[in-house]
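For reference, the structure discussed in these notes is given below.
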2 protein chains.
Amino acid sequence: MSKPRAAETQRRTRIQAEKEEQILEAALEVFSRNGFRGSTIDQIAEAAEMSKPNLLYYFRTKETIHRVLIDRLLNTWLDPLRAIDPDGEPLGEIRSYVRRKLEMARDYPRESRLFANEVLQGAPRIQEEMKDLKVLVKEKAEIIAGWSRAGKLADCDPYHLIFSIWATTQHYADFDVQVRAILGKRGDRFEDAARYLDQLFLNGLKP
Amino acid sequence: MSKPRAAETQRRTRIQAEKEEQILEAALEVFSRNGFRGSTIDQIAEAAEMSKPNLLYYFRTKETIHRVLIDRLLNTWLDPLRAIDPDGEPLGEIRSYVRRKLEMARDYPRESRLFANEVLQGAPRIQEEMKDLKVLVKEKAEIIAGWSRAGKLADCDPYHLIFSIWATTQHYADFDVQVRAILGKRGDRFEDAARYLDQLFLNGLKP
DNA sequence: CAATTTTTTGACCATTTGGTAAAGGTTACA
DNA sequence: TGTAACCTTTACCAAATGGTCAAAAAATTG
């Protein structure tokens, strides 16, 4: 009688845990390709191999599923940025950041596209999170600016530096169809990209 | 009686020209924000300030409108890339390319997002165009590779170089909501970005 | 293993959506 | 200025979509 989605204080059953995971996995697949409005509950239900009412038994609405995915995503998405260490060696810190972001684009392309879809469409459902992001970016931008002033990094706008790292790395996830179309079956996309970006940012940012 | 969309050999009337433009303008606005599936004819009709049946008098289907927009877009979108001159001065050519792309992101952000939406969603409607793109990129990549071999440019993967230029410039159109959220009302976004990218690519690519 | 709780299903519903038909209103041109 | 071509609107339709409900089928538990 008590529905699982309302089960605040209750323990989740084994089935609940499994099915919810199954749904989120399917929803990530669907949302990341079609965006929120472009995805249907039926599509998600089919991908999750269950009936629509069954799916809606676990998540009351389409929004709920999307919310959970976005929350999960944001939780880990910014880890590499958080990991930038003010006491680290500047060029090394930037290099690791680029590499970590590129690894995330490789390992979690659907999450990247989910986020890209959301922002492309005006970020209507992540207004709050944008504010937190602003604070975090400001903090890191100030660290970078400090490095620049100390002559340990080229004198450059730290915000645009961060944007360029996001753009170049996420590109491989968000535009992967285009990248594939152009590169064909050419060698190791990831390693080539890593090498190129390393060179670009390293030379581009040397003091 | 003869509908304008079938008017192959007939001259377009003044009203046709005006209304079609009005619709395409509205559709660009809507599609670029919501993607194809996420946009409705009603939304476009409202933005174009006309009734849905009236809109459908000029364009038989939603697909038709989208097609026209995509065709128009691709026609000019690649101009900067085409403009790369094999006989030009290498670093200068790259710089102009970056600047032109950045100008396009500033002046035609909706077109950029229209394209981004399409590619994000797997480029289902632009398979053919992807092939042409591949050919064009290959041609230009070879020019760049030649410059590298001649020692006039850093030794780098020309494909990934092109990707990084696309990514960094289009980012300002595609993720403009995010960029705004982070930069706030800070000065001249465009000039700052231009200066930063100029530095990044110039230093990053010096031989 | 019977009672209770949780999970699944089929039938259903209101709204939205892409698109049509036909009739009324407007233009342009002879 | 009449009329044929063009434009616009109202009313409508079938399919898709987000979501509900009650009853049947599994699980869990005392």
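Letters A, B, ... are given to chains in the order of the sequence lines, protein chains preceding strands, and every chain is numbered from 1.
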_Distance in angstrom units between B/Glu18 CD and C/dA28 C1', rounded_ = 14 Å
*Between A/Phe59 (CZ) and C/dT7 (P), how many Å, whole number?*
13 Å
*Which letter, B, S or -, goes with each nucleotide of nucleotides 8-18 of chain C from 5' to 3', with contact meaning a protein heavy atom under 4.0 Å?*
BBBB-----SB
*Determine: side-chain N/O of A/Gln16 to OP1/OP2 of C/dT6, distance under 4.0 Å, yes or no.*
no
*Out of curiosity, B/Leu161 CG to A/Leu197 CG, how far, rounded to the nearest 0.5 Å?*
10.5 Å
_Can you tell whether the side chains of A/Arg95 and A/Asp198 come within less than 4.0 Å, N to carboxylate O?_
yes
Less than 3.5 Å apart, which donor and acceptor atoms pair up between the side chains of residues 131-139 of chain A and the rest of the protein, not counting sequence neighbours?
{"from": "A/Lys131", "atom 1": "NZ", "to": "A/Glu128", "atom 2": "OE2", "distance (Å)": "3.3"}

*Would A/Arg100 and A/Glu93 pass as an ion pair if we require N to O under 4.0 Å?*
no
*Gap between atom CG of B/Leu183 and atom NE2 of A/His160 - 0.5 Å precision*: 5.5 Å
